[in-house]
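What you are looking at is a predicted structure, and each value in this text was computed from that prediction instead of being measured.
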There are 2 protein chains.
Amino acid sequence: MKNYTLKDISELAGVAPITVSRVINNDKYVKAETREKILRIIREKGYHPNFAARSLVLKKTKIIGLMVADLENPFFSRLTRGVIQTAENNGYNIITCESKFDNSIGKKYLNMLMDKGIDGLLLANMNVSTDTINDLRRRRIPFVLLTCRMEMPDVNYAIADDYQGGRLAADYIIKLGHKNIAFLKGPDISSSNERFLAYKREMEKNNLEIKDYFISEEVINQYGGYKVTTKLLKEHKDITAIIAINDFVAIGALEAILDLGLSVPENVSLIGYDNINFTKLLKVPLTTINYPKYRCGVAGTKMLLNMLNSKKLNFKERVILKNKLIVRKSCSQIN
Amino acid sequence: MKNYTLKDISELAGVAPITVSRVINNDKYVKAETREKILRIIREKGYHPNFAARSLVLKKTKIIGLMVADLENPFFSRLTRGVIQTAENNGYNIITCESKFDNSIGKKYLNMLMDKGIDGLLLANMNVSTDTINDLRRRRIPFVLLTCRMEMPDVNYAIADDYQGGRLAADYIIKLGHKNIAFLKGPDISSSNERFLAYKREMEKNNLEIKDYFISEEVINQYGGYKVTTKLLKEHKDITAIIAINDFVAIGALEAILDLGLSVPENVSLIGYDNINFTKLLKVPLTTINYPKYRCGVAGTKMLLNMLNSKKLNFKERVILKNKLIVRKSCSQIN
DNA sequence: TCAACTAATGAAAGCGCTACCATATCTTCA
DNA sequence: TGAAGATATGGTAGCGCTTTCATTAGTTGA
């Protein structure tokens with residue numbers, strides 16, 4: 001009942017420690033017979049190499065940090081699955097943190113993460129400051145942005161095209177004849193900003209006025225969607241359609257609309273974004289934009305793994321996937 | 001642009017390495033003036049202690065492993081949030097793995113986790129074999145079961161009382177006058193088994209026959225719920241109520257029922273378990289049992305942290321929370 | 001037959017930190 | 001005033017691995 005070290009094993013086998021190390025690392029310069037003997041002893045004694053010692057000399061932990069904005073948004077659950085599965089298939093583990101869209105929280109946990117000796121970092125939908133980027137560079141921690149982007153040299157990302165998706169949503173609503181279209185805005189992140197930009201451009205292109213109350217304050221979750229929608233519809237009866245920054249927010253909005261005694265889409269059309277699980281089964285099946293979450297997680301993780309294996313930091317890689325309109329029942333023609 | 005070591009800092013400050021170490025670890029035996037000087041240099045040079053070296057000598061990584069069954073089930077998202085937040089507040093990070101209710105996958109990732117030198121382990125809703133338990137003991141890795149239990153000495157857990165919750169569900173359905181009540185069974189885990197047991201006992205207590213087709217094969221996710229329900233209702237028109245092992249499965253069942261052109265609760269009453277997010281907003285708001293997911297994650301993590309801090313392994317601690325019936329619209333009186 | 005390999009093993013050093021023990025100075029108080 | 005304790009600092013060893021360099025034996029080829 002003790003914890004064996006490599007040295008213990010070497011003594012039991014009557015060889016030098018380095019020989020045991022060679023066996024563990026599949027070095028070919030070990031006689032078959034010696035190898036078997038050592039493996040037998042390792043198995044018998046239940047020996048496992050010490051992770052910390054190994055990391056210390058190899059300067060690698062095979063751990064990747066993942067920072068997501070909101071653990072309970074199914075969008076991130078799906079993304080995370082892509083990340084974890086890809087990492088595990090390559091011998092890496094994932095440490096997850098939650099930024100809650102709050103930069104100071106994000107920074108705090110980021111530091112915690114970096115101090116843990118992670119080999120690389122995945123930042124999902126986080127507004128990264130130049131400070132943070134510099135920090136990461138100084139500490140030589142390779143990173144990849146997920147579902148958001150920054151156009152800076154050597155900042156790599158895997159995203160779906162939010163501007164394209166945003167147009168899909170706005171176009172669809174506008175073509176249905178709506179004119180007073182509100183937009184439930186998200187936090188200041190590229191994904192959210194580009195969706196918003198697409199909305200504005202399409203409104204302009206179609207000569208539709210954007211009254212200032214069309215644009216909500218920043219909303220980051222279901223509850224926010226509920227609050228903002230309630231206020232909006234109470235004060236402005238002219239709104240006939242709402243574009244939500246994402247499904248999570250849209251679900252809050254839907255709840256609010258129904259609680260106000262209104263109907264979707266008869267009184268208000270509602271479109272979301274992301275196509276998270278369950279939106280199909282909501283009281284009013286939600287029309288939305290499908291975001292390839294899983295694929296995005298996989299692509300970003302693979303990109304990071306490439307960076308880790310090739311050692312050079314001046315990569316330039318980006319993956320931009322496409323979104324798709326999913327028509328369900330939450331939008332209708334205006335009469 | 002180099003990575004400074006503790007020794008570098010000590011040389012720059014003109015002190016011994018150990019003095020720098022003392023500053024980092026807040027040892028009180030350092031003159032205020034010396035401390036400040038060292039801290040200044042640390043800040044200037046952007047020094048960060050090497051995690052691996054520290055772990056090696058302290059024999060601690062401050063990393064906890066978390067094994068969940070299904071990353072995309074919102075039940076686990078909520079639980080995970082409780083775990084991560086509690087861990088982080090205490091300086092620990094979480095490495096997450098997914099077992100997918102598959103013991104061989106679970107074991108594989110468990111080994112990966114253990115090899116990573118985690119300090120402790122949280123096993124959520126996983127059917128743990130005696131082998132695994134022995135492994136964990138041999139390697140001296142403290143662990144806590146989450147949302148499932150095993151009645152063995154020194155196996156600690158944090159759960160809600162699944163038997164109690166199971167009774168709540170069965171009782172409710174039976175009191176509504178249903179007699180032909182099907183049960184969508186989950187995998188062989190205590191949580192799932194106890195809910196099932198409660199169903200059987202309540203049926204017996206009320207002299208209701210359990211025909212063998214009432215009991216489904218094992219279902220582990222939404223898709224499974226859909227498949228099993230479709231088959232069940234096509235073949236057996238006498239079923240008037242379905243108890244699903246959890247909401248995720250219930251949502252699949254709901255979809256199936258609607259796809260068959262039937263109504264909930266008019267044709268079939270449906271009750272879930274867990275009260276995951278969104279169930280309130282489903283086409284048919286789901287009647288279910290609320291499981292205190294977040295609190296369970298917090299309680300289990302705290303328990304593990306206690307074990308890690310107190311060093312002794314022969315703990316006996318268990319937390320058993322209560323469930324609550326949430327009546328919504330998916331069940332009705334039989335006529 | 002001898003140089004030039006490959007195969008198989010080991011000795012020593014070191015990764016970056018902390019534990020343990022030692023030393024030196026400074027207080028405190030009977 | 002001197003013994004006992006608190007304060008402040010350092011030397012050495014070692015955590016459990018891998019890297020680097022040596023060494024020896026066996027094999028190949030012109």
At 4.0 Å (heavy atoms only), tell me whether [X] reaches a base, stays on the sugar-phosphate, or touches nothing.
| X | value |
| --- | --- |
| A:I24 | nothing |
| A:A53 | base |
| B:P17 | nothing |
| B:T34 | sugar-phosphate |

Fill in: Separation of A:T86 OG1 from A:Y294 OH (nearest 0.5 Å)
5.5 Å
Discussion item. Rounded to the nearest 0.5 Å, what separates atom CG in A:L110 from atom SG in A:C97?
Written reply: 8.0 Å
Fill in: 5' to 3' contact window, DNA chain D with chain B (heavy-atom distance under 4.0 Å)
D:dT7 to D:dG16
Worksheet entry | Under 4.0 angstrom between B:Y47 side-chain N/O and C:dC17 OP1 or OP2 | yes
Worksheet entry | Atom pair distance, as rounded to whole Å: CG in B:D8 and C1' in C:dC15 | 13 Å
Discussion item. In this structure, how many angstroms lie between the C1' atom of C:dG16 and the CG atom of A:L58, rounded?
Written reply: 14 Å
Discussion item. Could you tell me if B:D135 and B:T132 have a donor-acceptor pair between their side chains, going purely by distance under 3.5 Å?
Written reply: no
Discussion item. With nearest nucleotide decided by heavy atoms, which residue, B:H48 or B:R22, maps closer to the 5′ end of DNA chain C?
Written reply: B:H48
